[in-house]
**Q** 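Following this message is one structure expressed as structure tokens.
Note that ligands are numbered from 1 as they come in the structure, with each ligand's atoms numbered from 1 the same way.
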Amino acid sequence: MNFALDEEHQMLKDLVARFVREQLIPLEADALAREAQGGQLTLLPHDQARLDALSRELGLWGLDAPAEMGGADLPVVAMVGVNEELGKTITPYDLPPDSPNLRMLLKTADADQRARYLEPYARGETISAIAISEPGAGGDPAMMSTRAERDGDDWVLNGRKIWISRAARADWTIVMAVTDKARGARGGISAFLVDRGTPGFKVERRIPMIGGASTYEVVLEDCRIPHSQLLGQEGKGFAPMQARLSSRRVQMAAWCIGRAQRALDMLCEYAPQRQTFGAPLADRQAIQWWVADAATRIHACRLMTYDAAARIDAGDEARTQVSMIKVFATEMAWDVIDHAMQAFGAMGMTKEMPLQQMANETRLMRIYEGPSEVHRWVIARDLLGLRR
Ligand SMILES: Cc1cc2nc3c(=O)[nH]c(=O)nc-3n(C[C@H](O)[C@H](O)[C@H](O)COP(=O)(O)OP(=O)(O)OC[C@H]3O[C@@H](n4cnc5c(N)ncnc54)[C@H](O)[C@@H]3O)c2cc1C
């Protein structure tokens, strides 16, 4: 058993750490100020262009994309290290392509879809979204009611999707829909690729979320698409969708490790300096226990996340382990950031510090990709032999 990253993966992690420290963290103060003045937490176009050029030059694009598409084909374990470092900043910058839809397309796209969608996506040329959730089906996606009906060489989609990230700017969206109501999640749900601007695919409204995030409500009204837009086999969309969700959950766990580590580092730097009642905060047992518990839980979370990643790299679905880290990482980071905010007192409540943004982003993570309670239920259901 080896608990260390391979040398080349450690070097990559160190490179991303430097990129985050030298390029992304210095942009935080301005991004926070713009958001505090009522704007969104976004990068200015010239910063985005500069970071894109630099990260590309550093070889940080397509890290887990297949080699034949110009990617580095890195295992999930290596990506945990990369995402831990990216998780340390609230500057909104992602290294393209976003892994989960890449994973889903790798499992499902046919030759034509690989050329039209997967390859440009792997090169970081397009943005994608996925539309699973509906007003009546979120934590339990098997309840979805959006229908796709075959009509000659076409499919016609009707329904309503909600909480969809990036829907307004995505070049294409994977829309999950029911193709056989009787079979439901067991052979009756399919995935479709819908291009932006397709008649009947309407982004109805932007929904502002906490933490400066946005999601969108999307209506599908007689949205007609050719059969060639069916992604994977008819009725077999649920399993690749679950694999996609697993990929995001591992990524989220890694982000949480990074966020929690940053909050702990800030706490450890501040606590010895701040004097109250004649002693530094670092001398108080309450603060010491926050520090000790945070370090212990971050360490446990890192080991759990690398374990889940190594299992996935070995071909295991690791569903139970992934549910465990989804719950553990998001709740651990929430507590650690909350304690750091508490130790900073009023300063921890300001929009001048990144802690509140880290907390908000972590709070969102306890809901998306499945709420904590649903993951606990999945874990317990397996152990108790109660699987549906
Ligand atoms: C920031 C953000 C981005 C998102 N992006 C997307 C996206 O891009 N695409 C997409 O399709 N969806 C997206 N979602 C939606 C997300 O996946 C759902 O919100 C999530 O699955 C929960 O569904 P729900 O909101 O309908 O809550 P519900 O399913 O109604 O659950 C509400 C609460 O009930 C409790 N609960 C539910 N089931 C159980 C159970 N079995 N046992 C115990 N308690 C339970 C939990 O406390 C849960 O929080 C996003 C959500 C957020 C917040």
Side-chain angles (χ1 to χ4, degrees), residues 40-42 90 92 94 97-104 127-146 157 159-178 185 189-194 196 201 203-220 231 237-238 240-249 251-252 255-256 259 319 322-323 326-327 330-331 333-334 357-384 386-388:
Q40 286 192 38
L41 194 90
T42 48
I90 53 94
D94 302 316
D98 192 33
S99 303
N101 283 353
L102 178 84
R103 300 269 135 231
M104 185 160 173
I127 295 171
S128 71
I130 187 159
I132 307 168
S133 306
E134 300 182 0
D140 184 3
M143 295 270 293
M144 74 175 65
S145 62
T146 292
L157 275 54
R160 182 175 287 270
K161 298 288 182 180
I162 195 166
W163 317 124
I164 311 306
S165 305
R166 299 179 299 281
R169 63 189 171 102
D171 297 288
W172 46 270
T173 297
I174 300 173
V175 177
M176 303 302 302
V178 179
I189 292 181
S190 307
F192 297 89
L193 289 159
V194 182
R196 187 174 52 206
F201 178 89
V203 179
E204 200 172 64
R205 65 176 176 129
R206 181 176 81 85
I207 311 169
M209 315 291 284
I210 62 168
S214 292
T215 62
Y216 298 85
E217 187 160 1
V218 174
V219 177
L220 295 138
L231 181 62
F238 212 71
M241 180 193 86
Q242 289 292 356
R244 177 208 177 275
L245 293 174
S246 277
S247 162
R248 176 71 84 214
R249 288 163 188 157
Q251 193 180 38
M252 288 163 75
W255 290 336
C256 283
R259 281 195 192 352
R319 276 193 72 179
V322 168
S323 280
K326 169 69 170 58
V327 173
T330 53
E331 295 186 357
W334 174 254
Q357 179 62 25
M358 288 157 67
N360 278 331
E361 290 177 8
T362 306
R363 187 66 190 84
L364 288 170
M365 287 194 222
R366 287 167 52 198
I367 298 291
Y368 70 85
E369 309 299 331
S372 304
E373 295 71 28
V374 173
H375 284 287
R376 284 194 166 88
W377 175 64
V378 167
I379 298 163
R381 219 174 40 167
D382 280 352
L383 289 169
L384 295 166
L386 301 174
R387 240 183 131 149
R388 287 195 286 197

**Q** Mind listing the closest non-hydrogen atom pair of E369 and K326 along with its distance?
**A** O-CE, 3.6 Å

**Q** Is ligand 1 under 4.0 Å from a heavy atom in the side chain of S165, in the backbone, in both, or in neither?
**A** both

**Q** So which heavy atom in the protein is nearest atom 49 (O) of ligand 1, and how far is it from that ligand atom?
**A** P371 CB, 3.4 Å

**Q** Going by the atom numbers of ligand 1, which of them fall below 4.0 Å from some non-hydrogen atom of I164?
**A** 7 (C), 8 (O), 9 (N), 10 (C), 11 (O)

**Q** Would you verify that at least one protein heavy atom lies under 4.0 Å from atom 34 (O) of ligand 1, or report that none does?
**A** no

**Q** Looking only at protein heavy atoms, which one is nearest to atom 51 (C) of ligand 1, and what is the separation?
**A** Y368 CB, 3.5 Å

**Q** Between R366 and S372, do the side chains contain a donor N or O and an acceptor N or O under 3.5 Å apart?
**A** no

**Q** What atoms of ligand 1 come within less than 4.0 Å of a heavy atom belonging to I132?
**A** 10 (C), 11 (O)

**Q** Report the distance from atom CZ of R244 to atom CZ of R249, rounding to the nearest 0.5 Å.
**A** 9.5 Å

**Q** So, is I130 polar-close to ligand 1, with some N/O to N/O distance under 3.5 Å?
**A** yes

**Q** Does an N or O anywhere in G139 fall below 3.5 Å from an N or O of ligand 1?
**A** yes

**Q** Which atoms of ligand 1 are found less than 4.0 Å from any heavy atom of I367?
**A** 19 (O), 20 (C), 49 (O)

**Q** Ignoring hydrogens, what is the shortest heavy-atom contact between I189 and M176? Give both atom names and the distance.
**A** CG2-CE, 3.9 Å

**Q** Charged N to carboxylate O below 4.0 Å: is that the case for D98 and R248?
**A** yes

**Q** Can you tell me the protein heavy atom closest to atom 45 (C) of ligand 1 and the distance?
**A** E373 CB, 4.0 Å

**Q** Identify which of S133, G211, G138 has a heavy atom lying nearest to atom 24 (P) of ligand 1.
**A** G138

**Q** For the CD atom of E217 and the CD1 atom of I207, what is their distance to the nearest 0.5 Å?
**A** 5.5 Å

**Q** Would you check the N or O atoms of E134, main chain and side chain alike, for any that come under 3.5 Å of an N or O of ligand 1?
**A** no

**Q** What pair of heavy atoms forms the shortest contact from G159 to T146, and how long is it?
**A** CA-OG1, 3.6 Å

**Q** Establish whether atom 11 (O) of ligand 1 and some protein heavy atom are separated by less than 4.0 angstrom.
**A** yes

**Q** Are R160 and E134 close enough, and set up right, to give a salt bridge (Lys or Arg N to Asp or Glu O under 4.0 Å), and what steps lead you there?
**A** CA-CA 6 Å; R160 182 175 287 270; E134 300 182 0; over 6 Å; no

**Q** Can you name the nearest heavy-atom pair linking V327 to T330, along with the distance?
**A** O-OG1, 3.2 Å

**Q** Counting from 1, what ligand 1 atoms have a heavy atom of M209 closer than 4.0 Å?
**A** 53 (C)

**Q** Can you see which heavy atom on A185 is nearest to which on A142, and at what distance?
**A** CB-CB, 3.7 Å

**Q** What do we get for T215 next to ligand 1 when only non-hydrogen atoms under 4.0 Å count, side chain, backbone, both or neither?
**A** side chain

**Q** Is there a protein heavy atom at a distance of less than 4.0 Å from atom 1 (C) of ligand 1?
**A** yes

**Q** Among all protein heavy atoms in this structure, tell me which lies nearest to atom 36 (N) of ligand 1, with the distance rounded to 0.1 Å.
**A** V374 CG2, 4.3 Å

**Q** Measure the distance from atom 14 (N) of ligand 1 to every protein heavy atom, then report the residue, atom name and distance (to 0.1 Å) of the closest one.
**A** W163 O, 3.3 Å

**Q** Return the minimal non-hydrogen interatomic distance between L102 and P97, and the atom names on each side.
**A** CD1-CG, 4.1 Å

